[in-house]
Amino acid sequence: MNPAELTHTIVFYGLALVSIVAALLVVTVKRIFRAAVALATVLVCGAGFYILLDYDFIAGIQLLVYVGGIVILIVFAVMLTSSLEDTEIRPSKSRKALGIISSLGFLATALIAFQSTSFPLSAPTPEQPSDVALEIGRKLLGYGSDGYVLPFEIISLLLLSAVIGAIVVARNPLKKSSDLSGQSEQSDGSAT
Amino acid sequence: MSFVPGLFHWLCLSTILFSIGLYGVMTRRNAVGVLMSVELLLNSAAMNFLIFNHFAAKPFIDGAVMALFIIAVAAAEAVVAMALFVAIFRSRKTVDVTQIDTLKG
Amino acid sequence: MLENLLTHSAFEILTLSDRAAQALAENPWEAAGYTLLALGGTGAFLSLLGMALIYVERKVAAHFQCRLGPMRVGWHGMLQSIADALKLLQKEDIIPEKADKLLFFLAPVFSIIATVLALIIIPMSPSLQVVDLNIGVIFISAVGGFGVLGILLAGWSSNNKWSLLGAMRAGAQFISYEISVTLSLLVITLLAGSLQLSEIVQSQQDGWWIWRGHIVGVVAFFVFIISSTAELNRPPFDLPEAESELTGGFHTEYSGLRFSFFFLAEFINMFIASALGATLFFGGWMPFHIGGFETFNSIMDLIPPGLWFAGKTAFIVFLMMWVRWTFPRLRVDQLMRLEWKFLLPVGFINLFAAATIVLTKLYFFPGQ
Amino acid sequence: MNELANNALANSFAFNNAWLIPALPFFSFLLVGLFIRPYSEKLAGIVATLSVSTSAALSLWLAFDYFSAFPAGAEHPALVSWSFQWLRYNEYLVVNVGTLIDSLSILLMVVVTFVSSLVHLYSIGYMKGEDGYGRYFTYLNLFTFSMLGLVVAPNILQTYIFWELVGVSSFLLIGFYYTKPSAVAASKKAFIVTRFADLFFLVGILLIAVVGYNLMSLFGVPNGLPENVSAFDFAFITNSGVSTMMNNFGILTPALILIFIGAAGKSALFPLHIWLPDAMEGPTPVSALIHAATMVVAGVYLVARLFVTFAASESALLVAAYLGAFTCIFAAIIACTQNDIKRVLAYSTLSQIGYMMFALGVASATETLGYTASLFHLFTHAFFKALLFLGAGAVIHSVHTNNIWNMGGLAKKMPITNITFLIATLAISGVWPFAGFFSKDEIIAAAFGNHHYVIFAIGLLVAGITAFYMFRIYIVTFLGKARSEAVDHAHEAPMTMTIPLMILAALTAVVGFIHFGDYVSVASIITGDATGHAEGGFPIWIPALLSGLTGIGIAWFMYGGEKDRATAVTEKLGVIYRVICAKFYIDEIYQFITHKIIIRFISTPIAWFDKRIVDGGVDLTGWLTRRSGATLSHLQTGQTQTYAAWLINGVIAVVVIIWLYAS
């Protein structure tokens with residue numbers, strides 16, 4: 001095992017350990033804000049995994065969108081809907097058992113499936129495209145048979161409608177003001 | 001079996017994360033917690049795309065594109081979910097999913 | 001070596017991580033040495049730079065207000081910052097009883113980590129850069145998220161309504177202005193055709209993007225400066241810590257060393273934003289070049305790249321301080337209106353214009 | 001086919017765009033009904049009238065072009081000027097929608113559009129100030145469209161569709177005063193009775209189509225027909241080879257009798273006549289349109305259209321002949337006793353339709369005078385009967401009553417109406433030189449010429465009765481003294497009403513002189529045989545005219561003088577009079593049959609079956625669904641996480657099952 005491979009292996013297992021522990025914290029911790037921090041950890045580890053897989057660009061996007069956007073949104077949701085003293089009530093025994101059985105069942109099924117399937121791996125040292133970001137850009141805007149311009153546009157529409165929908169759902173119907181920015185401030189204040 | 005991470009190791013990792021997410025989806029009482037668990041699921045799904053892209057189709061980049069799409073969908077989902085939580089909290093003063101059962105038969 | 005420096009085309013990028021990787025193949029101990037050097041160097045740089053910036057800020061503020069500022073400790077108060085640091089270290093570390101202690105502890109760490117992560121990819125000179133990620137631009141806006149996460153943690157875990165309000169303001173402000181920053185970064189990415197910071201610097205060897213990209217570059221620069229000032233929570237966008245309303249905002253409950261972490265992070269972030277602005281718009285360590293004017297360019301090359309970088313960064317830092325002591329603080333609705341109704345449309349139009357310019361090669365000195 | 005004449009027609013605008021004739025009223029129906037009516041009622045009437053008048057002008061143009069290309073006495077081919085495929089079941093069962101142009105359809109188009117446009121014009125004055133003025137014109141347009149579509153149909157299925165549309169629009173028109181219970185009842189009665197008859201018609205069509213299709217599949221397309229002929233086309237049905245083959249299978253007569261029942265329903269032959277007198281509940285111009293020129297002659301038109309086929313089946317024609325003759329005398333007798341001016345006219349219509357029908361019935365493939373006579377009578381009758389109705393409408397409009405015994409002495413008050421009504425009365429009574437004389441004479445001659453002496457006798461007798469009852473109402477209405485105060489306030493109708501009257505009166509006076517047989521004869525259908533005139537050796541017009549004059553004389557004797565001789569006569573007749581006056585109790589017999597027999601012995605058990613078994617079954621399904629839903633709804637816990645657990649475990653179960661199945 002050469003030094004590069006060794007570091008690769010060590011980093012993988014280290015990150016895996018951290019992310020699994022953090023993921024467990026996400027689903028079990030009683031204080032929801034701590035769960036959010038654990039989630040951020042999992043996602044950052046995810047970015048690390050992507051770098052290990054040679055997808056630096058996706059890792060950057062993961063950090064940008066997940067940590068810079070989604071986690072902050074989740075934290076906002078936490079802030080708007082609960083307070084520091086709130087701790088979550090434990091789930092009922094039966095539900096917990098159901099959850100454990102289902103997730104372990106899924107894990108077992110999936111692992112057996114992986115074990116019993118032979119995947120068509122690519123050649124030992126294949127060439128990755130030199131500039132992944134450039135290639136992804138070409139793919140996203142390509143409208144040939146292997147282009148993704150249509151899904152790309154649909155995703156844009158999805159995001160737009162999600163944003164508009166979120167504003168419509170969350171705005172306070174009692175307030176007549178059309179000034180959204182002022183309104184979000186007021187709902188911030190009323191929720192705390 | 002070698003300890004150098006190969007396809008199987010990576011798949012194990014993503015599956016474990018996915019299972020943990022499933023457990024969270026089924027047991028979390030706080031709706032925001034459920035949302036976080038769903039993010040775990042999405043994250044491990046995106047990771048699966050990249051894993052297979054890396055191990056099975058390295059000269060191509062489609063798995064990465066899919067991962068990008070998943071991230072975008074996750075963002076949209078988080079936005080809508082947050083708006084819904086705020087609206088639900090405003091009307092019911094709780095985001096405990098076990099208490100939101102108006103559709104009970 | 002000197003010859004190499006004189007011909008600008010030979011600015012060889014040799015980052016610390018590259019050297020570590022090279023060394024790893026030969027001698028793992030050397031690699032460990034480079035890693036330690038990077039960590040230690042960054043830490044030392046961080047604290048020194050922070051203190052220097054605090055001193056500068058105080059001096060600049062004082063002179064804007066026709067005062068002298070610190071004068072007692074050292075020559076013209078040069079050692080004032082060190083004295084302040086010593087004072088902070090000695091202070092009692094108070095943790096509120098009802099705080100979430102784990103998160104309360106983590107919050108300043110997050111802030112500092114964010115600054116360190118951002119700092120390591122800034123190319124300060126051809127040979128002074130810790131790592132040279134090929135997704136530098138994305139990375140630097142991604143790690144910004146950690147900083148704001150730290151602020152949110154601090155606000156939440158303090159269990160204080162002022163802190164919470166400040167944190168939420170910070171979060172909203174960051175998410176909003178992040179879009180504009182990214183849009184203006186994308187303009188330069190488009191012009192330079194790369195996400196890697198060192199390549200962006202190299203792409204400016206015929207001239208800095210702020211004037212090679214003429215209108216688009218200038219607009220992007222101003223959008224960048226305004227939005228990053230807002231992201232840094234610096235006045236006039238300092239609503240998250242507005243003393244008059246929130247008694248300090250998210251760091252109300254912090255004291256001593258932890259408080260100094262936030263304080264330090266804030267100033268380092270200002271440096272990072274300025275350095276990024278300098279790198280993207282003013283060519284980073286690239287001397288002032290004009291495409292085709294070989295003689296002029298080689299004269300300019302006589303000034304070392306590190307000095308160029310320091311000068312440009314200092315200029316932008318001064319610009320930010322100038323802004324701070326010139327404009328009054330905005331209201332929350334004004335803040336949001338500025339972003340969503342002004343900067344965002346401008347940013348989009350600018351990005352579109354930049355794409356057009358790149359396609360039609362209307363910028364100055366298109367590739368020789 | 002005459003190529004030269006065909007070429008002449010090829011450049012004719014009216015011929016090439018014959019579809020416009022029915023389409024114009026349809027477009028106007030949409031336009032008026034949807035857009036103009038809500039905006040301006042007055043404009044609705046004008047637009048509707050203009051569109052139908054344009055149609056009338058177009059059909060006159062078409063007639064001119066057609067008869068220029070194929071002059072009098074020449075062969076008159078049937079041409080399809082425009083058509084498109086609407087439904088295609090298989091190669092022999094194709095339904096086209098198109099316009100068939102031959103002398104018969106041109107005759108009907110001219111009559112329908114002409115009378116219809118005059119009725120439209122008349123209605124502008126007559127309906128003034130009524131509620132639903134615009135709606136009225138919308139319906140009128142729809143009705144005109146339906147009738148025209150029926151007339152130009154090149155295949156029997158299109159005929160059937162428009163046949164039903166005529167039924168619907170007549171339903172709407174008869175029930176125009178839908179706030180009046182009697183009008184509602186009358187419209188329902190008309191619709192149900194004709195609909196009942198149409199059921200037989202449809203069965204007849206399907207019988208012919210199925211048999212025709214099978215014949216073509218077995219033996220190929222008959223000689224003399226194009227390859228792409230469909231079993232629905234008139235060209236196919238009237239083909240002599242086809243009718244011979246169908247006759248050999250014994251299918252022709254039943255099918256034709258079924259179709260004839262449909263025709264009898266629309267043409268109100270006994271015993272399906274009961275709807276027509278009641279249909280007088282509609283506005284009087286509607287009666288003029290429906291009962292003079294259009295709907296009731298649809299049956300005659302249909303039989304005439306299929307005449308060649310009917311001629312191949314002796315019995316079907318005999319049924320038509322005797323039923324027509326019976327209706328003829330039956331309705332005439334009832335007409336003598338009615339006091340409602342419109343009802344008298346209605347029964348007179350029945351009687352005249354009877355004439356037309358038996359005239360068709362007495363014709364045969366070789367003795368075709370009856371065919372020509374029937375259509376000639378249809379033609380003249382359309383004018384004088386429309387005139388009579390419109391005149392009656394004018395009278396009613398000014399006196400506000402239908403009862404002739406409340407009128408009298410109107411001649412001086414309404415001179416134009418009086419004169420035109422008199423002309424029409426003379427025409428229907430068969431007095432020379434008015435139109436009725438010629439056509440009725442020809443019918444009676446045809447009956448005599450083809451050795452149907454019973455029918456000939458009936459025809460002569462009815463000619464007299466017709467003259468009697470028509471002069472009865474004329475004398476009572478217009479002559480003598482005023483019998484009520486309403487008459488004192490009577491005044492002449494407005495111009496929009498008198499102009500149609502005058503036009504119709506003029507036509508009634510002259511159309512009899514057209515040598516009709518040259519234009520419309522069976523020869524135009526049966527190719528090659530250009531004969532059509534079976535002149536009797538004996539001048540038939542003398543007894544016919546005498547019969548009519550006798551009737552007039554009796555009427556004058558009974559009602560013309562100062563004395564009330566009529567009462568004495570009715571008293572002498574006693575029971576017979578009362579039976580006649582009650583219209584032979586036909587309505588009561590229907591009532592008895594439907595209520596006492598059908599409802600008690602058929603409908604009640606079926607209703608029980610429907611309510612208990614069918615509805616019970618449906619209820620059982622509903623009950624089962626509701627119960628199982630209520631039971632299963634307990635699975636619906638409202639807990640999203642339980643659903644998630646179900647989902648995941650379901651997926652795992654499916655995967656496991658697939659594994660087990662695969663291995």
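Reminder, nothing fancy here: chain letters follow the sequence lines and each chain counts from 1.
Interface residue A:Lys139: only side-chain heavy atoms are found under 4.5 Å from chain B. Looking at A:Arg138, there are no atoms closer than 4.5 Å to chain B (heavy atoms on both sides), in backbone or side chain. Interface remark: A:Ala36 contributes backbone and side-chain atoms alike to the contact with chain B (heavy atom separation under 4.5 Å). Heavy atoms closer than 4.5 Å to chain B are found nowhere in A:Val71, neither backbone nor side chain. Contact of B:Ile51 with chain A is made through backbone and side chain together, with heavy-atom distances under 4.5 Å. Using a 4.5 Å cut-off between heavy atoms, B:Leu50 contacts chain A through both its backbone and its side chain. Contacts between A:Thr28 and chain B at a heavy-atom distance below 4.5 Å involve backbone atoms as well as side-chain atoms. Using a 4.5 Å cut-off between heavy atoms, A:Leu25 touches chain B through its backbone atoms (N, CA, C, O) alone. Using a 4.5 Å cut-off between heavy atoms, A:Ser19 contacts chain B through both its backbone and its side chain. Proximity to chain B involves both the backbone and the side chain of A:Leu24, based on heavy atoms less than 4.5 angstrom apart. For a residue to count as touching a neighbouring chain, one of its non-hydrogen atoms must lie under 4.5 Å from one of that chain's; by this rule A:Ile155 touches chain B with the side chain only. There is no contact between B:Ala31 and chain A, counting heavy-atom distances below 4.5 Å. When heavy atoms are compared at a cutoff of 4.5 Å, B:Ala81 does not approach chain A at all. Using a 4.5 Å cut-off between heavy atoms, B:Val79 contacts chain A through both its backbone and its side chain. The contact between A:Leu39 and chain B is made entirely by side chain atoms (from C-beta outward), counting heavy-atom distances below 4.5 Å. B:Leu11 touches chain A through backbone and side chain together, each having a heavy atom under 4.5 Å away. With a 4.5 Å cut-off on non-hydrogen atoms, A:Tyr55 touches chain B through its side chain but not through its backbone. Using a 4.5 Å cut-off between heavy atoms, A:Tyr148 contacts chain B through both its backbone and its side chain.
Using a 4.5 Å heavy-atom cutoff, the side chains of B:Leu42 and A:Tyr66 are in contact. No side-chain heavy atom of B:Phe69 sits less than 4.5 Å from a side-chain heavy atom of A:Ile154. Looking at heavy atoms from C-beta onward, B:His54 lies in side-chain contact with A:Asp54 at the 4.5 angstrom threshold. Using a 4.5 Å heavy-atom cutoff, the side chains of A:Leu53 and B:Phe55 are in contact. The closest side-chain heavy-atom distance from A:Leu43 to B:Leu40 is not below 4.5 Å. Side-chain contact between B:Phe60 and A:Glu135: absent, with no pair of heavy atoms (C-beta onward) separated by less than 4.5 Å.
Between chain B and the options A:Gly99, A:Ser161, A:Ser102, heavy-atom pairs under 4.5 Å are most frequent for A:Gly99. In terms of heavy-atom pairs under 4.5 Å with chain A, the best-connected choice from B:Ala64, B:Gly33, B:Gly24 is B:Ala64. Residue with the most contacts toward chain A among B:Leu22, B:Val65, B:Leu35: B:Val65 (heavy-atom pairs, distance under 4.5 Å). Annotation: maximal heavy-atom pairing with chain A below 4.5 Å, among B:Arg28, B:Arg29, B:Met26, occurs at B:Arg28. Taking B:Val34, B:Leu68, B:Val73, B:Val25 one by one and counting their heavy-atom pairs under 4.5 Å with chain A, the maximum is reached by B:Leu68. Per-residue heavy-atom pair counts under 4.5 Å with chain B were compared for A:Ile20, A:Leu52, A:Val65, and the maximum is reached by A:Ile20. Chain A forms the most heavy-atom pairs under 4.5 Å with one residue out of B:Ala75, B:Ala67, B:Ser37, and that residue is B:Ala75. Listed options B:Leu7, B:Val80, B:Asn43 were ranked by heavy-atom pairs under 4.5 angstrom with chain A; first place goes to B:Asn43.
Interatomic distance, B:Ile61 CD1 to A:Ile136 CD1, rounded to the nearest 0.5 Å: 5.0 Å. With values rounded to the nearest 0.5 angstrom, A:Ile72 atom CD1 is found 11.5 Å from B:Met82 atom CE. For the atom pair B:Leu13 CG and A:Cys45 SG, the distance stands at 9.5 Å (nearest 0.5 Å). Atom OG1 of B:Thr27 and atom CD1 of A:Ile100 lie 8.0 Å apart (nearest 0.5 Å). Atom CD1 of B:Ile70 and atom CD of A:Gln62 lie 10.5 Å apart (nearest 0.5 Å). Distance check, rounded to the nearest 0.5 Å: CD of B:Glu77 to CG of A:Leu158 gives 10.5 Å.
Nearest heavy-atom pair, B:Phe8 versus A:Gln115, reported as atom, atom and distance to 0.1 Å: CZ-NE2, 3.6 Å. Nearest heavy-atom pair across B:Val32 and A:Ala77 is CG2-CB, 4.2 Å. For the pair B:Ala56 and A:Pro120, the tightest heavy-atom approach, listed with the atom from each and the gap, is CB-O, 3.7 Å. Residue B:Thr98 comes nearest to A:Arg95 through the heavy atom pair CG2-NH1, 3.2 Å, listed as atom of the first residue, atom of the second, then distance. For the residue pair A:Ser103 and B:Ser19, the shortest heavy atom distance occurs at CB-O, 3.3 Å. For the residue pair B:Arg90 and A:Arg171, the shortest heavy atom distance occurs at NH1-O, 3.3 Å.
Taking the six-membered ring where the residue is Trp, the centroids of B:Phe52 and A:Phe119 are separated by under 6.0 Å. Less than 6.0 angstrom separates the ring centroid of B:Phe18 from the ring centroid of A:Phe106.
Of the options A:Tyr13, A:Phe49, A:Tyr50, a ring pair (Phe, Tyr, Trp, His ring centres under 6.0 Å) to B:Trp10 is made by A:Phe49 and by none of the others.
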Item checked: Step-by-step side chain to side chain contact (heavy atoms under 4.5 Å, CB included) determination, A:Val26 to B:Ile20 -> CA-CA 9 Å; A:Val26 169; B:Ile20 293 171; over 6 Å; no
Margin query: Go through it in stages, so that I can follow the logic: the residues are B:Tyr23 and A:Ile101, the test is side chain to side chain contact (heavy atoms under 4.5 Å, CB included), and I'd like the CA-CA distance, side-chain angles, deciding distance and then a yes or no.
Written below: CA-CA 9 Å; B:Tyr23 174 79; A:Ile101 291 171; over 6 Å; no
